Amino acid sequence: MANNPTIAVRLEGGIGDHILGLRLLPFVRQKHPQAHITLYSDAAGSPVQLSIAQLCGEANEVLSLHRPTETLRMETMGSLETLPPAARQKLAAADYFYDAWGGGFYLDAARALKVPFYTILAQRPTLHIPPSATQAANQHLGPYNDAIFIGLNLSKYGAEWLNHYAEKLYTFIGRLLEHPKVIVLNFFTQQFDFSHWPTPQRLQRQHLAISEVQRIAQFSQRHERLVPIVDLPIHTVAAMLQRCQYFIGVDNGIKHLAWALRVPLTSFMQELPDLSFALRWSPDYHRVLSINCSTEELETRIDEALAEMKLPRAAE
């Protein structure tokens, strides 16, 4: 084998899948310090997922793998076997190949890298935000002198879910806004693609997203310091999240991005996940709160958030 081997690493799926897959890269670089690592984004050519992959500091280059969308099926999503021959040839041409799909708990990669798989699952990726994104974030946040920023993203479950739980969510947000320096950044997008999904599910997810975006935007009408942040490039979103002292969200890619950036957070889910899901996709499981939690549980989490931001309770 050459002294400077070539490495191919595949990421797949959505924003969150890509971020979680990046957990593998520090171990690949540690084992192959002199290698040329090519990171492949297998997301049907989605530019957003490609941008996430570009935040990885361990890779020498980042490229897309293109799948024809008409061949995508839910039961084979993420399967290497369904990649077009040309894409599989790119992966096979490398001296070493590591698959960063998390559904298999990285077992094959763990054996090849001689690293316990649970060590990989516990790893947090290191993201390198480009200076241009930091500059753009500073321009957006510049008017808010001495602010304490909190990130918010509620894109996931649809308008009906938001309508049902709006008051519980706003209880949390409103308690933090009682402090005059707090600015809540309400991140959302009005651009819906989901190109990495099969067509029927893609259309269903687009319909769900379109129905919920107006409801998400309405959150910003409830308080002057609840600021809409709409349709920004994902690198700029990452740079703005990096300036947040807390994050409130749901189980989606932006929440995973906040987690990767080490922002303390609370993530609401419809129900607590089972063991397999939690191990694969919830490295921040201890930060998850069921949306059906009791008032006491919600108040405890609010108090914890205030403590983490070193903010006094409003009554103090």
Side-chain angles (χ1 to χ4, degrees), residues 11 14-23 46-57 123-156 169 172-173 176-177 179 181-191 213 216-217 219-220 225-269 281-284 286-289 301 304-306 308-311:
L11 303 172
I15 294 173
D17 300 303
H18 273 55
I19 291 168
L20 293 175
L22 288 175
R23 293 180 288 186
S46 170
V48 179
Q49 281 91 308
L50 183 66
S51 294
I52 289 294
Q54 289 167 345
L55 296 175
C56 175
Q123 176 71 27
R124 197 187 304 251
T126 300
L127 305 183
H128 297 262
I129 298 174
S132 59
T134 300
Q135 183 178 8
N138 291 340
Q139 289 175 347
H140 282 284
L141 301 179
Y144 307 106
N145 292 325
D146 300 321
I148 297 170
F149 295 112
I150 296 171
L152 174 70
N153 183 272
L154 300 173
S155 301
K156 178 77 172 188
L169 292 166
F172 200 143
I173 298 164
L176 302 183
L177 283 166
H179 299 269
K181 288 188 176 182
V182 165
I183 301 290
V184 176
L185 306 175
N186 184 18
F187 295 98
F188 63 96
T189 181
Q190 301 174 105
Q191 303 172 13
V213 69
I216 291 172
F219 264 79
S220 293
R225 284 185 279 111
L226 216 169
V227 180
I229 306 294
V230 189
D231 291 335
L232 291 185
I234 195 68
H235 285 180
T236 305
V237 170
M240 295 177 79
L241 283 173
Q242 198 171 45
R243 292 195 47 188
C244 290
Q245 293 191 28
Y246 204 81
F247 179 82
I248 301 168
V250 292
D251 183 40
N252 64 14
I254 302 302
K255 184 273 295 186
H256 285 300
L257 185 56
W259 165 78
L261 293 168
R262 299 180 180 275
V263 181
L265 61 86
T266 290
S267 173
F268 287 96
M269 297 184 72
W281 312 123
S282 298
D284 51 1
H286 59 297
R287 313 298 308 221
V288 174
L289 193 63
R301 185 59 61 90
E304 290 172 351
L306 292 170
E308 287 183 292
M309 291 186 289
K310 297 180 172 57
L311 294 175

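Fair warning: this is a prediction, and the values are worked out from it, not measured in the lab.
For the pair Lys255 and Val250, the tightest heavy-atom approach, listed with the atom from each and the gap, is CB-O, 3.1 Å. Taking all atoms of both residues into account, the shortest heavy-atom contact from Leu154 to Leu169 is CD1-CD1, 4.2 Å.
Leu20 is listed as a side-chain neighbour of Trp259, based on a closest heavy-atom distance under 4.5 Å. Within the 4.5 Å cutoff, side-chain heavy atoms of Asp17 are placed close to those of Trp281. Using a 4.5 Å heavy-atom cutoff, the side chains of Ile234 and Ile254 are in contact. A heavy-atom distance below 4.5 Å is found between the side chains of Leu311 and Ile148. Side chains of Leu306 and His179 form a contact here, defined as non-hydrogen atoms less than 4.5 Å apart. You'll find the side chain of Val182 stays beyond 4.5 Å of the side chain of Met309, heavy atoms only. Under the 4.5 Å side-chain criterion, counting only non-hydrogen atoms from C-beta, His256 is not in contact with Ile15. Between Cys244 and Leu185, the closest side-chain pair of non-hydrogen atoms falls below 4.5 Å.
Within the model, atoms OG1 of Thr126 and CZ of Arg262 stand 7.0 Å from one another, a figure rounded to the nearest 0.5 Å. Distance CG/Leu257 to CG/Asn252: 10.0 Å, rounded to 0.5 Å. Here Arg225 contributes atom CZ and Ile150 contributes atom CD1; the two are 9.5 Å apart, rounded to the nearest 0.5 Å. The distance from atom OG of Ser46 to atom NE2 of His18, rounded to the nearest 0.5 Å, is 7.5 Å. For the atom pair Leu261 CG and Phe247 CZ, the distance stands at 10.5 Å (nearest 0.5 Å). Interatomic distance, CD of Gln54 versus NE2 of His235, reported as 5.0 Å (0.5 Å rounding).
A salt bridge (charged side-chain N to carboxylate O under 4.0 Å, His left out) check over residues 130-151, counting only residues at least two apart or in different chains, returns nothing.
By the side chain to side chain contact (heavy atoms under 4.5 Å, CB included) test, Asn186 pairs with Leu152, Phe188, Ile216, Phe219, Ser220, Leu226, sequence neighbours left out. Applying the salt bridge (charged side-chain N to carboxylate O under 4.0 Å, His left out) criterion to Arg287, with sequence neighbours excluded, gives Glu308. With sequence neighbours left out, the side chain to side chain contact (heavy atoms under 4.5 Å, CB included) criterion links Ala260 to Ile19, Pro125, Leu127. Scored by the side chain to side chain contact (heavy atoms under 4.5 Å, CB included) test, Thr266 finds Phe172, Tyr246, Phe268, Leu289, Arg301 as partners (sequence neighbours excluded).
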Take Asp251 and Lys156, measure what side chain to side chain contact (heavy atoms under 4.5 Å, CB included) needs, and give me the verdict at the end. CA-CA 7 Å; Asp251 183 40; Lys156 178 77 172 188; 4.3 Å; yes

Could you list the donor-acceptor pairs under 3.5 angstrom formed by side chains in residues 128-140, with sequence neighbours left out?
from   : atom 1 : to     : atom 2 : distance (Å)
Asn138 : OD1    : Arg243 : NH1    : 2.9
Asn138 : ND2    : Thr134 : O      : 3.3

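In terms of modelled atom types and a separation under 3.5 Å, the side chain of Asn153 and the main chain of Phe187 share a donor-acceptor contact.
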